[in-house]
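Order of the sequence lines fixes the chain letters, A, B, ..., with proteins taken first and strands second; residue numbering starts at 1 for each chain. Here the structure is a predicted model, which is why all the values come from computation and not from measurement.
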Amino acid sequence: MYNTNKYILTNGKDKKMSKELAEILFPEITLTPQDLEKKYPRRNLPEGARVTRFAPSPTGFLHIGGLFAAMISKVWAEKSGGVFYLRIEDTDKKREIENGVKIIIDGLSDFGITFSEGMTGNDTEVGDYGPYLQSKREEIYKTYAKDLVAKGLAYPCFMTEEELEEIRIKQEELKLTPGIYGEFAKCRDLSIDAVKERLNKNLPYVIRLKSGGNIENRIVLDDLIKGEISMPENNLDIVLLKSDGIPTYHFAHAVDDHLMGTTDVIRGDEWISSYPIHYELFKVLGFTMPRYAHISPIMKQDNGGKRKLSKRKDPEAAVSYYHEMGYPKEAVIEYLMTLANSNFEDWRAQNPTADINEFPFELSKMSPSGALFDLVKLTDISKNYISKLNCETLYNMLTSWAKEYDKEFLSLLEKDPQYAKRILNIEREIEKPRKDIAKLSDVKDYISYFYDEIWDGKLDFPENINKEDIINILNTYKDIFNENDDKETWFERIRQMCPPLGFAAMPKEYKKNPGLYKGHVGDVSTVIRVAATGRRNTPDLYEILMILGKEKVTKRLLDAINKL
RNA sequence: GGCCCAUUGGUCAAGUGGUUAAGACACCGCCCUUUCACGGCGGUAACGGGGGUUCGAAUCCCCCAUGGGUCACCA
């Protein structure tokens, strides 16, 4: 078991010295940890309610893995009647970008991930446990740092970058574990006068933890996803406060998640290896530890191997990609849920319309290893989702997407909304709707032949029918097409024109005696289809022709004949 | 290199000592059919390797291999 007692100073003189050191280092800090505990009391939540958070850095890039973690954290908290909040970890000024907070909030809300507490904009927030922007919590971190120094559990370290570098090289040569510990912790036992002297020279310094760990001892992390993980204790004098007075992630994590009452820390598994540090920090600060759930990264197939989805190499690593391509947010979330809990798909099949919060999500059912992101599977889920939309909903979804990403298409859609909706409603709102559309950005091309403005007019006639026959079919059909026909009589007309042109009215007839015919009614339909739409494959031709109308159909048939 | 994690079909994965080793996506075939989809039916395809333990191992143990993560005044 971990023992912090060995560091509680017993010698009265040392005790006094530490207190003095704390005052010298942090004269402006008058608060004590007790004050903060009072200011941020434990949350008053029902038994079993979980508090989770999403705590990204405002780097201007929202990774799909971030969305994944946020979604899981949200579901995990909300299904327990708890709280899900947003904290921004902006302690690295170098990586920060302008408007970074807003980008995160908007990027998540595009997929329905919203917060009940925390940051609400670049400079705005809601909740009783703020500030939720770490850069505004300096006083809080320093209060705990001062307390640690006063207790002899932390100390100022004046080592320069060069010194650090030298040590690293030496450690590498001697094959020692890199880091500041033992004999390498040169400032650990600096006398108070030595500190004062350096302070007077205005030398920069950091505050380091005076680690009491021993790598011979082992600690166990009981991870909610990965199970028990045993690791050596931390023995590194890690940096708590950087020379600019801003905390490192580790220190901020302990202080913030304690004060903000996080019960379950859900984060990427790249953090597992720093768990020993967090463990020591919580002990030394006297905090109770939260539960941890470390999720595996989402990977990508890459020449036979797996690798993490890369911000630089893979456009699909960015959450914005899915928004731009027009994958419905529900589809993306559904897909991510199937990755998180594979029984989600079965549940969804049984409960097609249930709210996602009703799904009995379990962290323990998450895979301990990283899953490959499968765009094909997402496509399938998205196609199914879109196929079930009514045309009104699809139209609205499409126009709001186009408003952002395709103004030309938007004006077409808005020019005649009724026309657009008729198009979108082809083989929709029926029991077995078509599943052609995977994402909103597919639609423009999918329906392009309805709009002369964007239709390329290329006619892809089949090779097995000669030019003369095509012209005959088109000529015959332009006279018999009647836009008032119902579907049966419409097709009956096409059947009837077949025999005179040498085509079988019934495909089965043709199959029985292929030698007697040039083709069958399917071939004739195809010729009409190509003349009207340019394509050999389309949704129901009857509906298409009716929407196009007599005038346009006739014109297209004539144009086609002229082009031949 | 040290520490840590993982490994069931192409992919996501069920499985916790005895199963014909589920299901979904993808793929292939057939049926339906005016094209394409949809739908229906069927099919190909998996326990990384080697040792144990056991009557019996995908399941437990050990070793190896492979893949991944991490070793900052970044998160």
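Among the protein residues, A:Ser387 comes within range of no part of the nucleic acid, since none of its heavy atoms lies under 4.0 Å from any strand. Using a 4.0 Å heavy-atom cutoff across all strands shown, A:Met159 reaches at least one base atom of the nucleic acid.
Rounded to whole Å, atom P of B:rC3 lies 17 Å from atom CD1 of A:Ile277. Remark: C1' of B:rA75 and CG of A:Asp269 are 15 Å apart, rounded to the nearest angstrom. Rounding to whole angstrom units, NZ of residue A:Lys300 and P of B:rG68 are separated by 15 Å. Atom CD1 in A:Ile229 sits roughly 12 Å away from atom C1' in B:rU70 (whole-Å rounding). The distance between atom NZ of A:Lys377 and atom C1' of B:rC25, rounded to the nearest whole Å, is 4 Å.
Regarding contacts with the backbone of B:rC4, a side-chain N or O of A:Arg218 is found under 4.0 angstrom from either OP1 or OP2. Dashed line: the shortest gap from a side-chain N or O of A:Thr91 to OP1 or OP2 of B:rA75 is under 4.0 Å. Side-chain nitrogen and oxygen atoms of A:Lys365 include none within less than 4.0 Å of the OP1 or OP2 phosphate oxygen of B:rA14.
The aromatic ring centres of A:Tyr292 and A:His294 sit less than 6.0 Å apart. Taking the six-membered ring for Trp and the full ring otherwise, A:Phe491 and A:Tyr542 have centroids separated by 6.0 Å or more. Residues A:Tyr322 and A:Phe373 bring their aromatic ring centres within 6.0 Å.
RNA chain B is contacted by A:Lys242, A:Ser243, A:Pro247, A:Tyr249 of residues 241-251 of chain A, taking any non-hydrogen atom closer than 4.0 Å.
The base of B:rC36 does not come close enough to the side chain of A:Arg536 for any donor and acceptor atom to sit less than 3.5 Å apart.
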Give each protein N/O atom lying under 3.5 Å from an N/O atom of nucleotides 29-34 of chain B, with the pair distance.
residue: B:rU34; atom: O2; partner: A:Ser525; partner atom: OG; Å: 3.4
residue: B:rU34; atom: O2; partner: A:Arg529; partner atom: NH2; Å: 3.2

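In RNA chain B, runs of at least 3 stacked Watson-Crick or G-U pairs (N1-N3 plus N6-O4 or O6-N4, or N1-O2 plus O6-N3, all under 3.5 Å) give these stems: B:1-7 with B:65-71, B:10-12 with B:23-25, B:27-31 with B:39-43, B:48-52 with B:60-64.
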